[in-house]
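So the structure is just underneath, and the comments pick up after that.
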Amino acid sequence: MLGLDEHTLQRRSLARNETLFQQGDKVAAIYFVEAGRLRLERRTFDGRLLILGVTPADQFFVEAALFSDSFHCDAVATQPSRVRIYPKTALLTALSADPTSALSFLRLMAHQVFDLRQRLEVMKVRSAADRVMLYLDLHASADGRTVSFRGQLQDIASELGLTREAFYRTFAGLERAGAIERAGSRILLKKSRDA
């Protein structure tokens, strides 16, 4: 993948809440999450924790850092995790030499731009209820009604720019209004955002 032999790449296992890298660390590699979940986070000037995103298993992690000297945030495992390490220098060399791998990487980056645009769209919604419903709609499975959560709801709250308390209140309100139905780690959308 991306012009490197996966079998020769190193792996690193992380315990829950273990840090993979910290803001300011030199970028020596990017990662592929083989198992678990990793969260990008940064502290604001007043000490609040800002969740920048969560990456589940079977996805690349911090690809944009390939073109940076240092990381702009921290990466923390939200559960026991394992990452495959793609050394920066070797990966840049492979991408430069192999147009097919370079196009594969470009596709990956284009998908990330699409995801970020969706996140910006969600963040522009003023109403907490509408913001949560839009998020759920964008993350629904192929049936358009079922959303499965593999991570912690508090991470989603932070991703939506809501406090945990406001997120849980909004969730409860949507459930009382009949817009959603909770079943463990799944949410069933009962009404569209426009209904």
Side-chain angles (χ1 to χ4, degrees), residues 1-45 47-123 135 138-139 148-162:
M1 189 177 291
L2 298 184
L4 297 177
D5 181 1
E6 293 177 19
H7 303 294
T8 63
L9 297 173
Q10 293 183 347
R11 269 79 173 165
R12 178 172 168 193
S13 293
L14 300 153
R16 184 174 188 268
N17 294 323
E18 185 175 349
T19 300
L20 176 61
F21 57 77
Q22 293 183 308
Q23 183 175 352
D25 286 354
K26 183 178 177 175
V27 176
I30 65 168
Y31 305 91
F32 183 84
V33 182
E34 292 185 331
R37 295 173 75 79
L38 281 101
R39 177 178 63 219
L40 290 176
E41 60 186 39
R42 181 175 28 208
R43 293 276 173 194
T44 61
F45 66 92
R48 288 181 294 124
L49 183 64
L50 182 65
I51 307 296
L52 304 175
V54 179
T55 302
D58 298 323
Q59 290 190 17
F60 275 93
F61 186 62
V62 298
E63 303 88 336
L66 192 59
F67 302 100
S68 297
D69 293 326
S70 59
F71 289 108
H72 73 286
C73 57
D74 301 341
V76 179
T78 62
Q79 62 191 64
S81 302
R82 185 180 63 253
V83 296
R84 184 181 321 134
I85 302 168
Y86 284 79
K88 179 178 180 176
T89 304
L91 184 52
L92 286 172
T93 300
L95 290 174
S96 296
D98 180 13
T100 302
S101 293
L103 278 174
S104 176
F105 189 74
L106 186 58
R107 249 185 247 104
L108 180 67
M109 297 302 287
H111 182 71
Q112 282 191 351
V113 169
F114 176 75
D115 288 346
L116 287 171
R117 285 183 177 156
Q118 279 190 333
R119 287 182 67 193
L120 284 171
E121 177 186 353
V122 170
M123 292 301 291
Y135 177 90
L138 291 171
H139 289 84
S148 297
F149 294 117
R150 292 180 294 251
Q152 298 176 335
L153 290 179
Q154 68 186 21
D155 289 342
I156 295 168
S158 182
E159 199 174 321
L160 292 174
L162 300 171

Q | Test item: R43 and L50 side chains (from C-beta on) under 4.5 Å apart, heavy atoms | A | no

(Q) Contact between V113 and R117 at the side-chain level, heavy atoms closer than 4.5 Å - yes or no? (A) yes

Q.
With side chain to side chain contact (heavy atoms under 4.5 Å, CB included) as the criterion, how do L20 and L38 come out once you've worked through the C-alpha distance, each side chain's angles and the decisive distance to 0.1 Å?
A. CA-CA 9 Å; L20 176 61; L38 281 101; 3.8 Å; yes

Q. Do K88 and L66 pass the side chain to side chain contact (heavy atoms under 4.5 Å, CB included) test, and can you show the C-alpha distance, the side-chain angles, and the key distance before you say yes or no?
A. CA-CA 6 Å; K88 179 178 180 176; L66 192 59; 3.7 Å; yes

Q) Between atom CZ of R48 and atom OG1 of T44, what is the distance when rounded to the nearest 0.5 Å? A) 4.5 Å

(Q) I need the minimum non-hydrogen distance between A65 and F71, along with the two atoms involved. (A) CB-CE2, 3.6 Å

Q: Report the C-alpha distance between V33 and D58 in whole Å, list the side-chain angles of each, state the deciding distance to 0.1 Å, and finish with yes or no for side chain to side chain contact (heavy atoms under 4.5 Å, CB included).
A: CA-CA 6 Å; V33 182; D58 298 323; over 6 Å; no

Q: Rounded to the nearest 0.5 Å, what's the gap from CG on L162 to CD1 on I156? Could you check?
A: 11.0 Å

Q. So how far is it from I51 CD1 to R42 CZ, rounded to the nearest 0.5 Å?
A. 11.5 Å

Q. Checking side chain to side chain contact (heavy atoms under 4.5 Å, CB included) for the pair L4/L9: CA distance, chi angles, key distance, verdict?
A. CA-CA 8 Å; L4 297 177; L9 297 173; 4.3 Å; yes

Q: Would you give the length of the straight line joining atom CG of L116 to atom CE of M109, rounded to the nearest 0.5 angstrom?
A: 9.0 Å

Q. Does the gap between the ring centers of F60 and Y86 come in under 6.0 Å?
A. yes

Q) Do you know which two heavy atoms are closest between D74 and Q22, and how far apart they sit? A) OD1-CA, 3.2 Å

Q) Can you name the nearest heavy-atom pair linking A77 to A15, along with the distance? A) CB-O, 3.5 Å

(Q) For the backbone of L52 and the side chain of R119, can you confirm whether one donor and one acceptor N or O come within less than 3.5 Å of each other? (A) yes

Q. Distance from T55 atom OG1 to E63 atom CD, nearest 0.5 Å?
A. 7.5 Å

Q. Taking all non-hydrogen atoms of both residues, which atom of L14 and which atom of T19 are closest, and how far apart?
A. CD2-O, 4.1 Å

(Q) Given 3.5 Å as the limit, does a donor-acceptor pair link the side chain of T93 with the main chain of T89, or not? (A) yes

**Q.** Presence of salt bridge, R12 and E18, under 4.0 angstrom
**A.** yes

Q) Rounded to the nearest 0.5 Å, what separation is found between the CD atom of Q23 and the CD atom of E41? A) 10.5 Å

Q) Short question: side chain of S81, backbone of Q79 - any donor-acceptor pair under 3.5 Å? A) yes

Q.
I'd like to know if the side chain of H111 and the backbone of R107 have a donor-acceptor N/O pair within less than 3.5 Å.
A. no

Q.
Is it the case that over 12 heavy atoms from other parts of the model lie below 6.0 angstrom from the CG atom of D69?
A. no

Q. Between I30 and F61, which heavy-atom pair has the shortest distance, and what is it?
A. CB-O, 3.9 Å

**Q.** Residue pair S70 / V27: nearest heavy atoms and the distance that separates them
**A.** C-CG2, 3.6 Å

